[in-house]
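Working notes for the structure below.
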Amino acid sequence: MSTAAAVQYVLPAVLITRADLARLMREIEALDNELEAQKVRNHASGKASGYHLPTMSRSLNDFLEQNHIDIADDKIRVALRETLKDTKEHAPIMHMTFAVEADPEFLQRLVGWLRQEIHPQALLSVGLQPALVGGVYVRTPNHVHDFSIRSLLEDKRDIIRHELEGLV
Amino acid sequence: MTIWWLAFILASLAAVCAGFVWIIIVLNRLQSGGGKKALGDLNKAYSDIAEEDATHLFNKEFREELRNRGRLRFEKIIDENAMFLKQDLDMTISQLNDYMKKEISAKLDGEFAAYAKAMQEAQELALGSLQKTAQEVEEQRQGLAQAMQQYVADRESAMLKVYEDNMAKIVEHYVLLALGDQFDLKAQLPYIIHQMEQNKQNIMEDMRL
């Protein structure tokens, strides 16, 4: 692993899933290609060195901003690509299944808490299961935590039984 | 009365015999002291007299009378003996009856006592058997009653549990259908974070593996 790969970048809240990270990596790769192309063109035309940064996505902007990265630096871009590749392969992923479709804002708040409290580079894998009614069904690499309303209702059946026994 | 007759007869016989004895003695004196002829005549005379007297004394009527008297006497004796025999027999029969009664009574008493004892033993045995049977029946009844009560209680409990389970499922199903997707996910965020906070340590250890 390279020296850059050992650097732990802060992942912005908009980077929620592994797909988001892969998209970020593709964008960085495309940006790298674009900047390399500009470098070649500048060299061919004899212009002074300097890049015209294309429009970047919000996730890339937030990532660069939060990690104070100068994307115009060739070495940093190479290191960044390596690091992100390593992060993508080794970042812990938590699978969370909800009863309804989770909106990005909700997921960002959730992943923010997750990276703050659990692991700074944790990623989410989001699923949908309407039978859960509410809450979340969490699956970590080795455990399952059922925080769903369905599970809560099942656990609270004793209350109904107790009430029924009181009636009988 | 009969004795007197008998004494009379015996006296007559004794007198006759005494006469014969006296005649013989006289004849002996005559033979030893007088003439044989006179003695012979005298003997002949005495013989005739004796024969005449004997004939006169034991004539047919007298013999008949004696026979009748003897018959009557014999009958009387037989009657008396029969009466005595009858009395003895009656007495013996009476004693025998008493003896038999006593023996039979004793025997019967003994048999009755043995029978009563046997009956009592049989009764006690039967009573004991009945009591034992009754006790066993009672024990079986109690066991059966307990088993039935236990069965009823278990059955009731099982039915109640099934009812409660089903009721809980019905209520739960109702809640699930009623709520459906009406839950606001954002509103659930504090609950989710709270739950994850509670299991934070486990999640952290698992995520760092």
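Proteins get letters first, then strands, A, B, ... in listed order; numbering begins at 1 in each. Keep in mind that what you see is a predicted model, and the values were worked out from it rather than measured.
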- Query: If you measure from CG on A:Leu24 to CG on A:Leu15, what distance do you get to the nearest 0.5 Å?
  - Reply: 5.0 Å
- Item | Proximal component of A:Leu152, with respect to chain B [non-hydrogen, under 4.5 Å] | side chain
- Message: Distance check, rounded to the nearest 0.5 Å: A:Lys88 atom NZ versus A:Leu123 atom CG?
- Response: 10.5 Å
- Note on the structure: Under 4.5 Å to a heavy atom of chain A? For B:Gln201 that would be neither
- Message: A quick test of your reading: do over 12 heavy atoms of other residues, nucleotides or ligands sit less than 6.0 Å from OH of B:Tyr99?
- Response: no
- Note on the structure: Given A:His143, A:Glu101, A:His119, A:Lys156, the one with more heavy-atom pairs under 4.5 angstrom with chain B than any other is A:His143
- Which atoms of A:Glu105 come close to chain B, meaning under 4.5 Å heavy atom to heavy atom: side chain ones, backbone ones, both, or neither? side chain
- Which atoms of A:Met96 approach chain B - backbone, side chain, both or neither, heavy atom under 4.5 Å: side chain
- Can you say whether the rings of A:Phe147 and A:His145 are parallel (under 30°), tilted (30 to 60°) or perpendicular (over 60°)? parallel
- Counting only heavy atoms closer than 4.5 Å, note whether A:Ile93 contacts chain B via side chain, backbone, both or neither. backbone
- Task: Let me see the working for A:Gln121 and A:Arg115 under side-chain contact (heavy atoms from CB on, under 4.5 Å), right down to the final yes or no.
- Result: CA-CA 6 Å; A:Gln121 294 186 324; A:Arg115 286 171 185 163; over 6 Å; no
